[in-house]
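What follows is a single structure, written as structure tokens, with notes after it.
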2 protein chains.
Amino acid sequence: MADGQDLNTRFSGPSESPGLLLWRTTMRWQRVMTAALAPLDLTHVQFVLLASAMWLGRNGEPPNQVQLAAQAGTEVKMTSDVVARLEAKGLIARETDPRDSRAKVIRVTPAGAAVAQRAIVAVETADAAFFGPVDEAQLVGLLQQLAGEIR
Amino acid sequence: MADGQDLNTRFSGPSESPGLLLWRTTMRWQRVMTAALAPLDLTHVQFVLLASAMWLGRNGEPPNQVQLAAQAGTEVKMTSDVVARLEAKGLIARETDPRDSRAKVIRVTPAGAAVAQRAIVAVETADAAFFGPVDEAQLVGLLQQLAGEIR
DNA sequence: CCGATTTGATCTGTGCGCAGATTATCTGTG
DNA sequence: CACAGATAATCTGCGCACAGATCAAATCGG
């Protein structure tokens, strides 16, 4: 009945697998981000897409959803969904690209820019508190080798 | 219109924030785990709960769902849902605890133990490939400071 | 013993995350 | 021009992840 006597030899237990640690740490970090952004009525992904849209549009060349997804590292479908939520909140505006009627150009509204500014501060503060205990440069160095290219 | 000229001074871009890197790296790792476990018809969370249940029951003291959730670091509600799926697949069995009729004792079935053995190998292989490029001990050291206690 | 509180499991509802399919549009080649 | 293939956005459907509520059973103080 899988009572384990025969398992102890080849099943040493979860121990400290880097994968499990990575997973748990990120879930914890996500909860911290969620809490930091809740007062602004933003989820973490909504924040990432809003900030990414602002970043990409900083030189007057607002992106379409595919470009935004590539920058943010999110799925195209999910980007579509989340952007629709941001639009419903009035934080971004979508209009059909005059040069490609399939594509929708994404612009951050003034309200969106204002929320984003406050969100960036909240996220940076929460991030600093979360990563305070560790050597950030060292962690970034390790993660950059694992993060892979933006899809 | 938030075109960015006024933002460049105080919005330096996403850069390499450790939080974003952590998030992207974990999403990437999750996709690797998903692919590694797909042939066994298991998701990553299902694997974690199955393996955790086996681990906790290794000495003939099978856990209830709260204990399992604590070990696996998952939400109690989600643990309930996922365990129901594992039960539907015949990989675990649930029975009411005779000493506490609210609680359900979770046992890994022989079929579940067999799948778990193969899954452990698949996950360890995929993990080794994923974390190959980096110093695992260093990464584990950093993550352990951030992972927090199991809730 | 009894009411108050706690605990174990589940439900509703929202929001990612992703696979697979769909529709409309664009682009390249003959 | 025509048509094959690629691309942008969206849809269905499943499975986490979590907040908040529900309900029954256990436990504790009096």
Side-chain angles (χ1 to χ4, degrees), chain A residues 23-39 41-50 62-89 92 94-106 151, chain B residues 23-39 41-50 62-89 92 94-106 151:
Chain A
W23 179 54
R24 288 195 192 179
T25 303
T26 299
M27 285 201 300
R28 187 166 137 85
W29 176 80
Q30 281 254 33
R31 287 192 290 269
V32 170
M33 288 300 112
T34 298
L37 290 168
D41 190 30
L42 283 181
T43 67
H44 169 244
V45 172
Q46 286 167 22
F47 163 71
V48 169
L49 288 175
L50 179 61
N64 63 29
Q65 293 186 179
V66 167
Q67 292 162 344
L68 178 57
Q71 165 70 23
T74 52
E75 288 262 321
V76 171
K77 167 58 166 65
M78 217 204 49
T79 303
S80 170
D81 293 344
V82 174
V83 159
R85 279 184 207 109
L86 290 173
E87 186 183 32
K89 291 181 188 179
I92 62 119
R94 288 192 289 184
E95 44 192 85
T96 300
D97 186 336
R99 288 168 303 183
D100 186 342
S101 64
R102 296 169 305 178
K104 293 185 179 176
V105 170
I106 301 198
R151 290 167 306 146
Chain B
W23 179 54
R24 288 195 189 179
T25 303
T26 299
M27 285 200 299
R28 188 167 139 83
W29 176 80
Q30 281 255 32
R31 286 192 292 269
V32 169
M33 289 298 112
T34 298
L37 290 168
D41 190 31
L42 283 180
T43 66
H44 170 245
V45 172
Q46 285 167 23
F47 163 72
V48 169
L49 288 175
L50 179 60
N64 63 28
Q65 295 186 177
V66 167
Q67 292 161 343
L68 177 57
Q71 166 69 23
T74 52
E75 288 261 323
V76 171
K77 168 58 168 65
M78 219 205 45
T79 302
S80 170
D81 294 343
V82 174
V83 158
R85 279 183 207 110
L86 290 172
E87 186 182 34
K89 292 182 189 180
I92 63 117
R94 288 192 288 185
E95 42 191 87
T96 300
D97 186 335
R99 288 169 302 183
D100 185 343
S101 62
R102 295 169 306 177
K104 293 185 179 177
V105 170
I106 302 206
R151 290 168 308 152

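Quick note on labels: first sequence line is chain A, next is B, and so on, each numbered from 1.
- A:Q30 places its CD atom 10 Å from the P atom of C:dC16, with the value rounded to the nearest Å.
- When the P atom of D:dA17 is taken as reference, atom CZ of A:R28 falls 17 Å away, rounded to whole Å.
- Rounded to an integer number of Å, the gap from A:D97 CG to C:dC26 P is 9 Å.
- Between A:S101 and the phosphate of C:dC26, there is a side-chain N or O to OP1/OP2 separation shorter than 4.0 Å.
- Looking only at side-chain heavy atoms (C-beta outward), A:W23 and B:H44 come within less than 4.5 Å of each other.
- Residues passing the side-chain contact (heavy atoms from CB on, under 4.5 Å) test with A:A36, sequence neighbours excluded: A:A126.
- When the side-chain nitrogen and oxygen atoms of B:W23 are compared with OP1 and OP2 of C:dG17, one or more of them lie within a distance under 4.0 Å.
- A pairwise comparison of heavy atoms in B:A72 and B:V48 identifies CB-CG1, 3.9 Å as the closest pair.
- For A:R31 and D:dC18, the shortest distance from a side-chain N or O to OP1 or OP2 is below 4.0 Å.
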Set out, line by line, the N/O atom pairs under 3.5 Å between protein and nucleotides 7-14 of chain C.
unit_1: C:dT7; atom_1: O2; unit_2: B:R102; atom_2: NH1; d: 2.2
unit_1: C:dA9; atom_1: OP1; unit_2: B:Q65; atom_2: N; d: 3.3
unit_1: C:dA9; atom_1: OP1; unit_2: B:K104; atom_2: N; d: 2.6
unit_1: C:dA9; atom_1: OP1; unit_2: B:K104; atom_2: O; d: 3.3
unit_1: C:dA9; atom_1: OP2; unit_2: B:Q65; atom_2: N; d: 3.1
unit_1: C:dA9; atom_1: OP2; unit_2: B:V66; atom_2: N; d: 2.8
unit_1: C:dT10; atom_1: OP1; unit_2: B:R94; atom_2: NH1; d: 3.2
unit_1: C:dT10; atom_1: OP1; unit_2: B:K104; atom_2: NZ; d: 2.5
unit_1: C:dT10; atom_1: OP2; unit_2: B:Q65; atom_2: OE1; d: 3.4
unit_1: C:dT10; atom_1: OP2; unit_2: B:Q65; atom_2: NE2; d: 2.9
unit_1: C:dT10; atom_1: OP2; unit_2: B:S80; atom_2: OG; d: 2.3
unit_1: C:dT10; atom_1: OP2; unit_2: B:R94; atom_2: NH1; d: 3.3
unit_1: C:dT10; atom_1: O5'; unit_2: B:S80; atom_2: OG; d: 3.4

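- Separating the CG atom of B:L37 from the P atom of C:dC18 is a distance of 15 Å, rounded to the nearest angstrom.
- Partners of A:S80 according to the side chain to side chain donor-acceptor pair (under 3.5 Å) rule, which considers only residues two or more places apart in sequence or in another chain, do not exist here.
- As a whole-Å value, the separation of B:R24 CZ from C:dC16 P is 16 Å.
- Scanning all heavy atoms of the two residues, the minimum distance from B:I106 to B:I92 falls at CG2-CD1, 4.0 Å.
- Taking atom NE2 on A:H44 and atom P on D:dC18, their separation rounds to 14 Å, with Å as the unit.
- Axis angle, first five pairs versus last five pairs of the helix from C:dC1-D:dG30 to C:dG30-D:dC1: 20°, rounded to 10°.
- Between the CG atom of B:L42 and the P atom of D:dC14 there is a distance of 18 Å, rounded to whole Å.
- At a threshold of 4.5 Å between non-hydrogen side-chain atoms, the residues B:M27 and B:Q30 do not count as touching.
- Taking A:Q46 as the reference, A:L42, A:T43, A:V82, A:R85, A:L86, A:K89 meet the side-chain contact (heavy atoms from CB on, under 4.5 Å) condition, with sequence neighbours excluded.
- Heavy-atom minimum distance, B:L68 versus B:P63: N-CB, 4.2 Å.
- Rounded to whole angstrom, the span from the CG atom of A:L86 across to the P atom of D:dA9 amounts to 15 Å.
- Within the 4.0 Å cut-off from OP1 or OP2 of D:dC16, at least one side-chain nitrogen or oxygen of B:T43 is found.
- The side chain to side chain donor-acceptor pair (under 3.5 Å) test applied to A:D100 returns A:R102, not counting sequence neighbours.
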